Number of protein chains: 2
Amino acid sequence: MIYLGILEDDAEIRQTLTEYFSRQPGFTCAVSKGDVVSFMEAWDEQVKLDMVLSDIGLPGESGIQGIQRIKRRSPRCQVVMLTVYDDPEKIFQALCAGATGYLLKQTPLQKIREGLISLRDGGAPMSPGVARKVVAYFNPRSAEDLEEKLTPREAQILQAIEEGLTNKETAIRLDISLETVKTHIKNIYQKLEVNSRHALISGKYKKQP
Amino acid sequence: MIYLGILEDDAEIRQTLTEYFSRQPGFTCAVSKGDVVSFMEAWDEQVKLDMVLSDIGLPGESGIQGIQRIKRRSPRCQVVMLTVYDDPEKIFQALCAGATGYLLKQTPLQKIREGLISLRDGGAPMSPGVARKVVAYFNPRSAEDLEEKLTPREAQILQAIEEGLTNKETAIRLDISLETVKTHIKNIYQKLEVNSRHALISGKYKKQP
DNA sequence: GTATCTCTCCCTCTTTTGGGGGAGGAAATT
DNA sequence: AATTTCCTCCCCCAAAAGAGGGAGAGATAC
């Protein structure tokens, strides 16, 4: 049996979800509220929730903040976002806050149900477009993307920095002088509008369309 | 119509895949080989491949290296790994090399087919366990994980460094002296066995079980 | 030709980082 | 009472990084 919490401010949607999952064998909809604070209050100490289906745009505290609250109370409880936001910003915020799934609101109820079951079995339900954005995070920035801005040599330097090499190590790898490496780096910083290698390593300059 | 390439060394599996997709309406299995070199040779200039289903453990060049070759010839061609390896190491290597999907070999043919269609439609097919590992990458290291090693204060310092703050900025944020920040950082480095903030930012110290 | 771009290298300068040491106070544990 | 842990701060110093400047060689484009 999956004990489910629902955090969704739209009364109609919340009711639809609650009724749907209440009818599903194997599911028990234990808590269902429209904002984070009431949700946490309604979450009785005795009730153990396995997972929570949460909206992001909520009155008061956002669903992202809700994740952290939920995780603090019950680290083992999994949180799946169910939202209209499909921008990388929100997706990564949610995942970084501890969400284990991210579904778009257009997802049909049956698919949501399948997602939650997959979650219980060790999966991480994501809508296709969301999964693509998450995977794209790891994919190398396509050559086209940087070739517009960086020269081939600069791209090599960037690569080395991203690997955590120092300027000296980079100079040795490319067999050029330390000064040249520094010159390239200065140019890279200008082009990418950053001013430290930390920004490069953490990828803050990356466009995430 | 999806033009598909198959890169799989086990002749039996390769034949099963090739025959299956050849029979599927909407699919054309254009290239099917058992190693990277023959694959690239057999990939005729005139043939445009939309996606490639590739094993990782191949004789000669690995499937990971194959991704890069494929991407160089045709950046728009998507690569989906189909492999027995479910360890984070291989998964992240594949994604970082440019793979847009990662399926385990136990995946039934119908699911593979659904995955490829989802890929065409902007998704990123992943087996449930794989998706979970990818999402876990973003999830915060569970408190238990670091609390064993780092003191609360050290965790705050680490947090600041991960955000790209300098020591001075960190000192201001936590309202302590620059020297104290440096002391904490020295201790963190010792505990996590690294010796530069780059390693912290790129997360090289993280255990990925 | 001239201009532009790229890659190379050099200079000076300040700031930041990392490594080594020590040390005091507070709190909890033994 | 003694020990340990944690947080705080200080000293030293060497290395690295970042910002500013300039400059020459080669290729390409106009």
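Quick caveat, the model's predicted, so the values are computed rather than measured. Chain A is the first sequence line, chain B the second, and so forth, proteins listed ahead of strands; every chain is numbered from 1.
Here B:Asp121 pairs with B:Ile117 under the side-chain contact (heavy atoms from CB on, under 4.5 Å) rule; sequence neighbours left out. Legend: residues meeting side-chain contact (heavy atoms from CB on, under 4.5 Å) with A:Asp50, ordered by chain and number and at least two apart, are A:Ile2, A:Tyr3, A:Lys48. Shown here are the salt bridge (charged side-chain N to carboxylate O under 4.0 Å, His left out) partners of A:Lys105, two or more places apart in sequence or in another chain: A:Glu8, A:Asp55. Considering only residues two or more places apart in sequence or on other chains, B:Ser62 meets the side-chain contact (heavy atoms from CB on, under 4.5 Å) condition with B:Ile64, B:Gln65. Residues satisfying the ring pair (Phe, Tyr, Trp, His ring centres under 6.0 Å) criterion with A:Tyr189, sequence neighbours excluded, are absent altogether. Here A:Glu61 pairs with A:Arg69 under the side-chain hydrogen bond (donor to acceptor under 3.5 Å, both in side chains) rule; sequence neighbours left out. Applying the side-chain hydrogen bond (donor to acceptor under 3.5 Å, both in side chains) test to B:Arg73 and every residue at least two apart in sequence or in another chain returns nothing. Considering only residues two or more places apart in sequence or on other chains, B:Glu154 meets the side-chain contact (heavy atoms from CB on, under 4.5 Å) condition with B:Leu150, B:Thr151, B:His184, B:Asn187, B:Ile188, B:Lys191.
Think of the region where chain A sits on DNA chain C: with heavy atoms and a 4.0 Å cut, that region ends 5' and 3' at C:dT6 to C:dC11.
The distance between atom CD1 of A:Ile172 and atom C1' of D:dA15, rounded to the nearest whole Å, is 14 Å. In this structure, CD of B:Gln156 is placed 14 Å from C1' of D:dT8, rounded to the nearest angstrom. Counting to the nearest Å, the C1' atom of D:dA16 and the CZ atom of B:Arg197 are 12 Å from each other. Distance A:Ile185 CD1 to D:dG20 P: 15 Å, rounded to the nearest Å. Atom CD1 in B:Ile188 sits about 13 Å away from atom C1' in D:dC7, given to the nearest Å.
Look at A:Tyr189 and you won't find any side-chain N or O under 4.0 angstrom from OP1 or OP2 of D:dA19. Taking side-chain N and O atoms only, A:Asn167 has no distance below 4.0 Å to OP1 or OP2 of D:dA16.
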Please write out the pairs of protein N or O atoms and N or O atoms of nucleotides 9-14 of chain D separated by less than 3.5 Å, giving the distance to one decimal.
{"residue": "D:dC9", "atom": "OP2", "partner": "B:Ser177", "partner atom": "N", "Å": "2.6"}
{"residue": "D:dC9", "atom": "OP2", "partner": "B:Thr180", "partner atom": "OG1", "Å": "2.9"}
{"residue": "D:dC9", "atom": "O5'", "partner": "B:Thr180", "partner atom": "OG1", "Å": "3.4"}
{"residue": "D:dC9", "atom": "N4", "partner": "B:Thr183", "partner atom": "OG1", "Å": "3.0"}
{"residue": "D:dC11", "atom": "N4", "partner": "B:Glu179", "partner atom": "OE1", "Å": "3.3"}

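Between A:Val130 and A:Leu103, every side-chain heavy-atom pair lies at or beyond the 4.5 Å cut-off.
Fit an axis to the five pairs at each end of the helix from C:dG1-D:dC30 to C:dT30-D:dA1 and the two axes sit 40° apart, to the nearest 10 degrees.
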Using a 3.5 Å cut-off and no angle test, enumerate the donor-acceptor pairs between side-chain atoms of residues 91-102 of chain B and protein atoms at least two apart in sequence or in another chain.
{"residue": "B:Gln93", "atom": "NE2", "partner": "B:Glu89", "partner atom": "OE2", "Å": "3.4"}
{"residue": "B:Thr100", "atom": "OG1", "partner": "B:Gln78", "partner atom": "OE1", "Å": "2.6"}
{"residue": "B:Tyr102", "atom": "OH", "partner": "B:Tyr85", "partner atom": "O", "Å": "2.9"}

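Along DNA chain D, the nucleotide closest to B:His184 and the one closest to A:Lys168 are compared, and the more 5′ of them pairs with B:His184.
Under 3.5 Å, the side chains of A:Thr183 and A:Thr180 contain no donor-acceptor pair of N or O atoms.
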